[in-house]
Structure formats: C-alpha cells, structure tokens
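Heads up: the structure comes next, in structure tokens.
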Amino acid sequence: MRRPSLSSSSRFRSGGARSSPFRANTFMLLLSVCAALSSAWVSLLSTSPGSRRAKSITTIQRHSDVSLASISFQEGSDNNNNPLAKNSQQSLNAMISNNSPSGDSSSSSESKSISSRRKQKLPRSERKAIERKKKTRQKGQLSSGKQKNNASFTLHSTAVSQLTSESTADDVLRAIKRAQKQHDHHDLRVIAKFLIEECDVGFAYGYRGSLLARLAVAALRWENHVVARRAIDIRRLEYRASMMPMESSAIIRGLLRTHNDTDALEILQDELALPLEGTALDSLENQSKIKHRARSLCSIASRHFFESEPKMAVLALQMMTEVGPIARQAKLTADDLKLPWLRLMQGAAQCEAGRRDGSVTPCVGPAVDHVVLPCNLVYSVLSAMSTFPSENDDLVYEAVSNALVRRVVFITGAVDMTTLPPADRGEAAFIGRSNVGKSSLINMATNRKSLAYTSKTPGKTQQFNFFAVNDKPGREKEVKYGDVVEGERDADSFYLVDLPGFGFAKAPEAQRKAWASFMGEYLANRKTLKVVFHLIDSRHGPIDEDSNIMKQVKENLPKNVAYVIVLTKADKNVKGNSKKNPGKVSDKVMDDLKQAMAESGVSYAPILITSAESKLGRDSMWRYLRLAAES
C-alpha cells in the first residue's frame, strides 16, 4: 500500500472545505456541554459564602473565555458566520453574567433570600421574643411624646444608676433608701424630680403614693423641706383613698424631727382621725388607724418631754386618754399596740427633774395655754396608760414608782389625834383587818422592799405609821436627831398612812376599841386626808370586821374623800405562776363583796384587784395615790 503523501495530510490539517463544518459542529457541541457543567457548578456554589462563590464564578468565567479563545484560534473558523457557535457563546455569557457577583442588585437580592431562609430556621419562641423587644422600643419612643433625656435622672448609685420609665417601684425605693443612708442630696433631688414630674398617677400600679411618702420621710430626715412639702401635698391630693396609716405615722415622726409641730398635728387629725361612730372598730382598717394614731401621739409626747416642752407633751397624752377606751373596744391588745410606755416614763421623769431644778420652763402659745400641768409629769403618762390594755411590765412600773417616789422616810407613829404630824400635805390611808397584806401593798406601790414592816404574825402594826413621800432631802435627820435641814419638800409630796389591823390582831380588847375610836375621829376630822384604801383578802371575801369598817366609813368619811376597796393576794387564786393571768377573783367572792357594800351603803366605791407578788394593780393604785400627791 502506498503511504499518503505529505500534501494530502497537509490539506487535512489546513481545514479543507469538506471537513470544516463537521469539526465546527463537534467543537460547538463540546462547548455546550462545558456550559451546562458550568451552570450546574454555579448553582451548587450558590449555597456557599458569597466570597467563595464569587471567586469560583470568576475562575469559571476566565477558563471559559480562554477555552473559547483557543478553540477559535485553533480552528481558525469564522464563528460569526456559524449560528450554533454564536448562540452557544451568547448563552454562556448570559449565564455567567447572571451568576456574576459584581452586580450589586443581584447580590443584594441574593443576600435577602438567604437571610429570609435563615430567619425561617429560627424557633418560634425566639422570633416572638425579637418582635416583643422591637414593640417595646417602639412603644417607649411613642409614649414619651418627645425625646426626653434620661441622663437628667442619672444617680450616683451603682445598684440603681438611672431612673427611666421602665424603672420599677423597687428600684425607686432602693434609690431612696440609699440616698437617705448616704446623705446624697443630689440623688434625693433627682428622685423627687422623677417621681413628681416624670411619673403619672398609675406609675407602679398606684404604688407611687407610697413612694412619695417614703420620699417625704427621707427628705425630712435631711431637712429638705421643699421636696418633703411637694411629696406630701401630691400624696394627699392624688392618693387620699389609698393612704396607709403606717405611712402617715412615719411622716408625722419626720415632721416632729424638724420641729414642725403644726403640720404634724394637722396630718394626725386629717389622716389618722378616730373612726366615726357606728363603724366597725374591730375592722383591720380601723384597728390600723387607731394603733398608729396612738403611736403617733406617743411620738409627740416623748419628743417634747425630751426637748423640755412639757405642755405639748401633756396635750398629746390627754388626747391619748381618748384613744385608750376606743382601742379596748376595737379588741386591740397590748401586744398589738406596742406603745413605748417606758420611754415616755423616762422622758417625763427627766423633764420633771428639770422643772424641779428650774432648768425647764413650760412653753407658751395659743395651742397650749389651756393645758394645766400636773404636780408630776409622770402622772400624765400614768393617766394615759391606765386607759389602754395593760402589759403589767415590771420595767415600766418600776420606772413609775421610782419617778413618783424618789424619797420616802418614816416620820412618826401616832396613837391619837394629838400625836399626828402637821397637816401640810395630802394623805393616803390604808386600813383593813390583820394579815390582809397592807404593808406588802405599800411596799409594792412605792417599789421598796422594807418600807412598811411585814410579818407573818398578825397585828404587828400597833399605831398609825406616817411615811413622808418626796419630802425635802435630809428630812430623816430632822426626825431622828432634831437637826435643822434647809430646803423645801417637792410639789408632789404626800403622806402614806399605815393604820393598825383589826380582827386577828393580838391586842387587848381595850386597845382595839381605842384604835376604832381613833380611826373614826381621824376619818372624820383629818382635813388633808384624800383617799382611803380598804383592803380585803380576795381568797375569803369580806368578813364581819370589813362590814364594820364599811359602816364606819359611811358614817364618818367626808364626801370629798375617795374610798377605794382593794382585793389583795389575787395571785393566790391562780394555779401556777402565769404572766398572762397574774391574778383573779372568784365570782362568789365578788358577789359577797357587792352584797356587803350594798348593805353598808358604800356600793359607789370602786374595786381594785391587786397582788403584791405579781405586781397586779400598780397602775390603778397610783391613779388614786395621785389624789394625795396633788393636794
């Protein structure tokens, strides 16, 4: 076989007329396949990050251009005259341009589609949370009406650094407490501006009124009267229906601290007025109002006692005597009230000491000019205390006894009218049968252990023993040694008179008759006698001797002299030692006593239940001993 010549192969490579269409169609088909693969690869990269996708598409476009250029060069054909090649080139360019990252509009639309797909993948709870936050921000901007600068409510506190419309009542309360504790006047002014100017009536579900009360207390603590006055006025104007007695009481104490007595009394009469007649006193609202009115009056009295203004203190205590019976009707106990009687006693005793040495001068003014001071300021506290439920607190009554009995000394033992001491002061007499407990009761009332001699032997007292209470210092030297002691007795000085016992006394019949005659003459003719205590044993009730004393009192005692029946040893009727029940009297003893009183004509006499052991009845005893001290 003859090998082909060089001329024939060269004709084949140069692209003769018969083979050119076939080669062009073949290469165009390959080009279409490459374009399809490129399109598939671009769609696959559409889920990849934008930078990676853009880089891949650019690389594909570059390689495609190079391939087309090489094909055109190698073939040397006229692609412009070939419709298939022209269409394939246009399709590839359109595909690449559509997937090109250089177009801004296409890339933005693609990013939006991707973000929408990502958003659809969020859980429903997260989407709702995002929507709520967006609505909250929009609502906060709309409710303000105008752009307010929250920086104006910036505080020094690190716990609550700023007050905004989204702040809670706890945040404001913490800020007020911190400002008061740290003496931060800047924060106090900022909080006041926020509560008064920024917040509306419904802030914190109406708790704004309580916050204003707390702000007023803090402002009064540091004497910022402008802020306090604005807070008090807005609270009374906008929150009168929801004002709490506890808040009013706190404001009154703050006003007293700044010596603003007029406003304190005004709030007391306005916000803590006594309940109207016909209302249920035992309701929680009325009980709270009664309790805080009593406490506020105690605050007024205590502060003025310690500030040496006795008339205002006595006026407050006189108002307390009106609250006491209402508190009993409201079924309030001493534990419910928790009144500071001990502090009142200490303040009254301190102020009274100043009155005696001349360092305290009663104030004057239209509000207190009508107030009459007692001989001892402690009596005003005692009068108020006796109207309230009693605590029978030993500390309180020890303070009472020590304030009312500062000195006591035995003066003389009288056996007839000629041996009586001068009638220069009031007298309180104790009578009763032997072994009834007269000496023990006198020791209890005076808070002394051995003032009057006590003995298990009946009838140890054989004369009228006179004890001078609150006489001038050194009076015992005059009595014992006859020395002359300068000075004057106190204004509340009086005599305690311990009369001999009757009935079981181991004394001759003539002696007992002499005592009876002396007692009748003493009761009828002693001008300075102010009160007579008739002691009866609560375990046994009245006996014949007690009935005889009642009849003698009815016949001889003047009408202006108080006659009081005292039932002693009430603790003996209680099994065990209980503070809740310090003493009682049986119904039979009470019935027998009332019958004996009616038969003797002294049924008008008050009855006191006492015990020297449990200290029961100390306040009642001193209410009548006061008659002797004030004469």
Side-chain angles (χ1 to χ4, degrees), residues 334 341-342 345 349 376 378-379 381-383 385-386 390-410 426-458 460-461 465-470 492-501 530-539 562 564-574 577-585 606-629:
W341 296 118
L342 181 59
M345 289 294 178
N376 192 319
V378 177
Y379 283 117
V381 182
L382 190 63
S383 298
M385 186 172 62
S386 62
S390 176
E391 295 177 317
N392 197 31
D393 189 355
D394 289 340
L395 292 177
V396 173
Y397 286 103
E398 285 182 6
V400 171
S401 300
N402 293 335
L404 296 179
V405 183
R406 298 174 297 280
R407 298 176 302 277
V408 58
V409 59
F410 174 76
E427 298 176 9
F430 292 79
I431 61 176
R433 65 179 180 83
S434 301
N435 201 30
V436 76
K438 293 190 305 297
S439 300
S440 298
L441 192 67
I442 292 174
N443 290 336
M444 180 196 75
T446 58
N447 196 30
R448 301 295 192 275
K449 293 184 178 180
S450 59
L451 175 62
Y453 183 76
T454 59
S455 174
K456 294 183 179 180
T457 303
K460 198 69 178 178
T461 302
N465 293 326
F466 282 76
F467 299 90
V469 178
N470 299 332
D492 57 343
S493 178
F494 64 98
Y495 283 129
L496 287 174
V497 186
D498 185 10
L499 274 65
K530 297 301 178 182
V531 59
V532 175
F533 295 100
H534 180 187
L535 279 59
I536 298 175
D537 196 328
S538 64
R539 298 172 296 176
V564 183
I565 293 179
V566 181
L567 294 175
T568 62
K569 303 181 181 181
D571 62 292
K572 306 298 183 183
N573 300 320
V574 179
N577 191 3
S578 175
K579 291 185 177 181
K580 294 183 179 180
N581 190 4
K584 65 179 182 179
V585 178
I607 302 174
L608 307 182
I609 301 176
T610 64
S611 170
E613 292 293 331
S614 64
K615 313 300 183 185
L616 177 64
R618 289 172 291 189
D619 54 343
S620 302
M621 290 288 297
W622 272 108
R623 274 190 297 160
Y624 293 99
L625 287 173
R626 178 182 180 179
L627 299 176

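Since this is a predicted model, take the numbers as computed values, not measurements.
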Note: Ala403 and Asn376 closest approach over all heavy atoms is O-ND2, 3.5 Å

Tested for ring pair (Phe, Tyr, Trp, His ring centres under 6.0 Å) against Phe430, the lone hit among Tyr495, Phe533, Phe467 is Phe533

For Leu625 and Ala428 the tightest heavy-atom approach is CD2-CB, 3.7 Å

In this structure, CZ of Arg618 is separated from OG of Ser611 (nearest 0.5 Å) by 9.5 Å

From CA spacing to verdict: side chain to side chain contact (heavy atoms under 4.5 Å, CB included), Trp341, Ser390 = CA-CA 10 Å; Trp341 296 118; Ser390 176; over 6 Å; no

Pairwise side-chain contact, Val400 with Asp619, heavy-atom cut-off 4.5 Å (strictly under): no

Measure the shortest side-chain to side-chain distance between Met345 and Asn402 over non-hydrogen atoms and say whether it is less than 4.5 angstrom.
no

Report task. Check the pair Asp498 / Ser439 against side chain to side chain contact (heavy atoms under 4.5 Å, CB included), numbers first and verdict last. Result -> CA-CA 7 Å; Asp498 185 10; Ser439 300; 3.6 Å; yes

State, yes or no, whether a side-chain contact exists between Trp622 and Leu404 at a heavy-atom distance under 4.5 Å.
yes

Review point. Would a 4.5 Å heavy-atom cut-off, applied to side chains only, mark Tyr397 and Met385 as touching?
Key: yes

Nearest heavy-atom contact between Val585 and Asn573 is CA-ND2, 4.1 Å

Between the NZ atom in Lys438 and the OG1 atom in Thr568, the distance rounded to the nearest 0.5 Å is 9.5 Å

Heavy-atom closest pair (Gly426 atom, Lys530 atom, distance to 0.1 Å) is CA-CG, 4.3 Å

So CG of Asp394 and OG of Ser401: to nearest 0.5 Å the spacing works out to 10.0 Å

Between the CZ atom in Arg626 and the CG atom in Asp492, the distance rounded to the nearest 0.5 Å is 11.0 Å

Between Tyr624 and Pro606 the two heavy atoms that sit nearest each other are OH-CG, 3.4 Å

CG of Asp571 to NZ of Lys615, rounded to nearest 0.5 Å, is 10.5 Å

Could you give me the CA-CA distance, side-chain angles and deciding distance for Arg623 and Val564, then say whether side chain to side chain contact (heavy atoms under 4.5 Å, CB included) is met?
CA-CA 11 Å; Arg623 274 190 297 160; Val564 183; over 6 Å; no

With a 4.0 Å cut-off on N to O distance, would you call Asp537 and Arg433 a salt bridge?
yes

task: Please step through side chain to side chain contact (heavy atoms under 4.5 Å, CB included) for the pair Asn447 and Val405, ending with a clear verdict.
output: CA-CA 8 Å; Asn447 196 30; Val405 183; over 6 Å; no

To the nearest 0.5 Å, atom CG of Leu535 lies from atom CG of Leu608 at 9.5 Å

